[in-house]
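Have a look at the structure below before the remarks.
Chain letters run A, B, ... following the sequence lines, proteins first, then strands; residues in each count from 1.
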There are 2 protein chains.
Amino acid sequence: MDFDQADALNQAIRLLSLRHRARTATLLTPLGLHPGQEALLLELARTGPMIQAQLGEALGCEPPSVTLMTRKLEASGQIRRTPAPTDKRASIVELTDSGKALVEQVKQLWCDLAEETVTGLPAETVAELPGILTTLTGNVDTRRLRHPHGRRDGEQELPTRP
Amino acid sequence: MDFDQADALNQAIRLLSLRHRARTATLLTPLGLHPGQEALLLELARTGPMIQAQLGEALGCEPPSVTLMTRKLEASGQIRRTPAPTDKRASIVELTDSGKALVEQVKQLWCDLAEETVTGLPAETVAELPGILTTLTGNVDTRRLRHPHGRRDGEQELPTRP
DNA sequence: CAGACTTAGTTATGCGCATAAGGTTATCTG
DNA sequence: CAGATAACCTTATGCGCATAACTAAGTCTG
């Protein structure tokens, strides 16, 4: 691939990252959230209570980041962190009632943003888009390789639904 | 658009941002660069010496960010900032010889990264990809709207005359 | 069972990005 | 030409993300 093509692609990805994040930020501000936090709340809504390590895995970010994000969301009352009874190292993260209510607003906003984002693209392209982006992500993902065999400590202990 | 589709899209964009940036970081580290700086160097290589405000416009980031980035790249010897003779407010940014040499390495790396990124995608998709991403970016770009009439101080000094 | 891993989480630090606020210089206008 | 306005840049501050280095707790093995 020649430089101009490569540059066009890399720059496009970089700019999309910046702008999508900025747009997310301005939409989330009225809800009192910063970008990144909405993903945490949505993940909790999707999967239910979970350990911080699992959250980090799902969100694709590192433990120290999870520590800070959960701390701030706890301070603002959207989530609760309780010591895990079966493992004194771990803490279980779950949505509060306030958090659950907030998630509903985030979901609405998420739909609006997606629609805004794909304006003007043919429906066919829109349909393939998530798959394409996921392929790109997989191609540059160095994260999986660092945790080669997926089994983690305590992974079986929380059955998916009590 | 229903929530699942919207979520798939938004999450895909968020994860691509994270991973592409992370991959960029690990590739740039051996060159002594952090992600974001490569874009600045490439822009200087493309357009030649320019004012910080123009750099910010080209890179899509705000003046304070440009100040910090240029300061660090100046400290590491890749760029030079000299007061503009015609405008005592402005400073002209340009590549040093060391910076020019570094850009060549960045270009190579940029090609490798792009090729790695699109691995496994049909050539047709790869060809349309930059355009698609640029459309997405334009759809969520709030930046242009804030500087409604594009005219900037001194913009005419480099003749844009038709 | 004792020591060697491994895993969960935290603190410290640094970068890129943002917004808000301020200083200086250039330009426009009454 | 003087005052208002706008443009360039900077400092201060804050968030999300990262890595490195640490503690505490669970697990595995000799």
Side-chain angles (χ1 to χ4, degrees), chain A residues 14-15 17-26 28-29 32-40 50-57 59-73 76 81 83-84 86-93 142-143 146-147 149 151-155 157, chain B residues 14-15 17-26 28-29 32-40 50-57 59-73 76 81 83-84 86-93 142-143 146-147 149-157:
Chain A
R14 179 180 164 275
L15 262 186
S17 303
L18 277 176
R19 294 286 154 262
H20 188 263
R21 184 177 195 85
R23 185 71 182 125
T24 304
T26 67
L28 287 175
T29 295
L33 291 175
H34 294 273
Q37 301 183 327
E38 87 289 347
L40 198 157
M50 58 202 300
I51 287 299
Q52 285 188 200
Q54 293 173 314
L55 253 179
E57 193 69 23
L59 299 179
C61 59
E62 299 294 324
S65 304
V66 178
T67 294
L68 296 179
M69 292 168 74
T70 52
R71 179 182 300 165
K72 285 172 187 174
L73 283 170
S76 68
R81 290 195 296 169
T86 69
D87 186 339
K88 289 180 183 173
R89 300 168 299 179
S91 58
I92 296 176
V93 184
T142 52
R143 200 180 155 82
R146 290 207 321 241
H147 311 294
H149 17 314
R151 171 73 166 77
R152 306 182 86 66
D153 214 34
E155 189 157 296
E157 292 185 7
Chain B
R14 179 180 165 275
L15 263 186
S17 302
L18 277 176
R19 294 287 153 261
H20 188 262
R21 183 177 197 87
R23 184 75 182 123
T24 304
T26 68
L28 287 175
T29 296
L33 291 176
H34 294 273
Q37 301 183 327
E38 88 290 346
L40 198 157
M50 59 203 298
I51 288 299
Q52 285 186 200
Q54 293 173 313
L55 253 179
E57 195 68 23
L59 299 178
C61 58
E62 299 294 324
S65 306
V66 178
T67 294
L68 296 179
M69 293 168 74
T70 52
R71 178 183 299 166
K72 284 174 187 171
L73 284 170
S76 69
R81 289 195 296 169
T86 70
D87 186 338
K88 289 179 181 173
R89 299 168 300 179
S91 58
I92 296 176
V93 185
T142 53
R143 200 180 155 81
R146 288 207 323 244
H147 310 297
H149 15 309
R151 172 74 168 76
R152 305 183 89 68
D153 218 31
E155 189 159 293
Q156 315 272 19
E157 290 182 10

* **Close side-chain approach of Gln52(A) and Ser91(A), heavy atoms under 4.5 Å** => yes
* Structure fact -> Winner on side-chain proximity to Pro64(B), out of dT10(D), dT25(C), dG16(C), is dT10(D)
* **Backbone N/O of Gly60(A) and side chain of Arg19(B): donor-acceptor pair under 3.5 Å** => yes
* **Short side-chain N/O contact to dT10(C) OP1/OP2 from Thr67(A), under 4.0 Å** => yes
* To do: Answer yes or no: does a side-chain N or O of Arg23(A) lie under 4.0 Å from OP1 or OP2 of dA18(C)?
  => no
* **Val93(B) side chain reached by Ile51(B) side chain, heavy atoms, under 4.5 Å** => no
* Can you tell me how far P of dC15(C) sits from CG of Leu28(B), to the nearest Å? -> 15 Å
* For Pro63(B) and for Lys72(B), locate the closest nucleotide of DNA chain C by heavy-atom distance; then report the residue assigned to the nucleotide nearer the 5' terminus. => Lys72(B)
* Structure fact -> Rounded to whole Å, the CD-P distance (Glu62(A) to dA21(D)) equals 15 Å
* Provide, to the nearest angstrom, the distance between the CE atom belonging to Met69(B) and the P atom belonging to dT10(D). => 14 Å
* Under 3.5 Å: donor-acceptor pair, side chain of Gln37(A), backbone of Pro35(A) -> no
* Asked: OP1, OP2 of dC15(C) versus side-chain N and O of Arg71(B): anything below 4.0 Å?
  -> no
* Asked: Starting at the 5' end of DNA chain D and moving along, which residue's nearest nucleotide shows up first, Lys88(A) or Cys61(A)?
  -> Cys61(A)
* Rounded to whole angstroms, how far apart are CG on Leu73(B) and C1' on dC15(C)? -> 12 Å
* Structure fact -> Side-chain contact check for Ile51(B): nearest option of dC9(D), dC17(C), dT25(C) is dC9(D)
* Asked: Given dA8(C), is OP1 or OP2 found less than 4.0 Å from the side-chain N or O atoms of Gln54(A)?
  -> no
* Asked: Nearest-Å distance, CZ (Arg89(A)) to C1' (dC22(D))?
  -> 16 Å
* **Nucleotide dG16(D), atom P - distance to CG of Leu18(B) in whole Å** => 13 Å
* To do: Report which part of the nucleic acid Gly56(A) touches: base, sugar-phosphate, or nothing (heavy-atom distance under 4.0 Å, all strands).
  => nothing
* Which heavy atom of Thr70(A) sits nearest a heavy atom of Thr67(A), and at what distance? -> OG1-O, 3.0 Å
* **Dot-bracket encoding per residue of DNA chain D, Watson-Crick/G-U cut-off under 3.5 Å, | denoting interstrand** => ||||||||||||||||||||||||||||||
* Mind checking whether Met69(A) and His34(A) have side chains closer than 4.5 Å, heavy atoms only? -> no
* Check the distance between dC17(C)'s P and His34(A)'s NE2 and give it to me in whole angstrom. => 19 Å
* Determine: side-chain N/O of Gln52(B) to OP1/OP2 of dT10(D), distance under 4.0 Å, yes or no. => yes
* OP1 or OP2 of dT10(C) less than 4.0 angstrom from a side-chain nitrogen or oxygen of Arg81(A), does that happen here? -> yes
* Asked: Side chain of Arg14(B), backbone of Leu59(A): donor and acceptor closer than 3.5 Å?
  -> yes
* To do: Could you check how far CD of Gln37(A) sits from C1' of dC17(D), rounded to whole Å?
  => 13 Å
* Counting distance only, does the side-chain N/O of Glu38(B) pair as donor-acceptor with the main-chain N or O of Gly36(B) below 3.5 Å? -> yes
* Asked: Would one find a side-chain N or O of Ser91(B) under 4.0 angstrom from OP1 or OP2 of dC8(D)?
  -> no
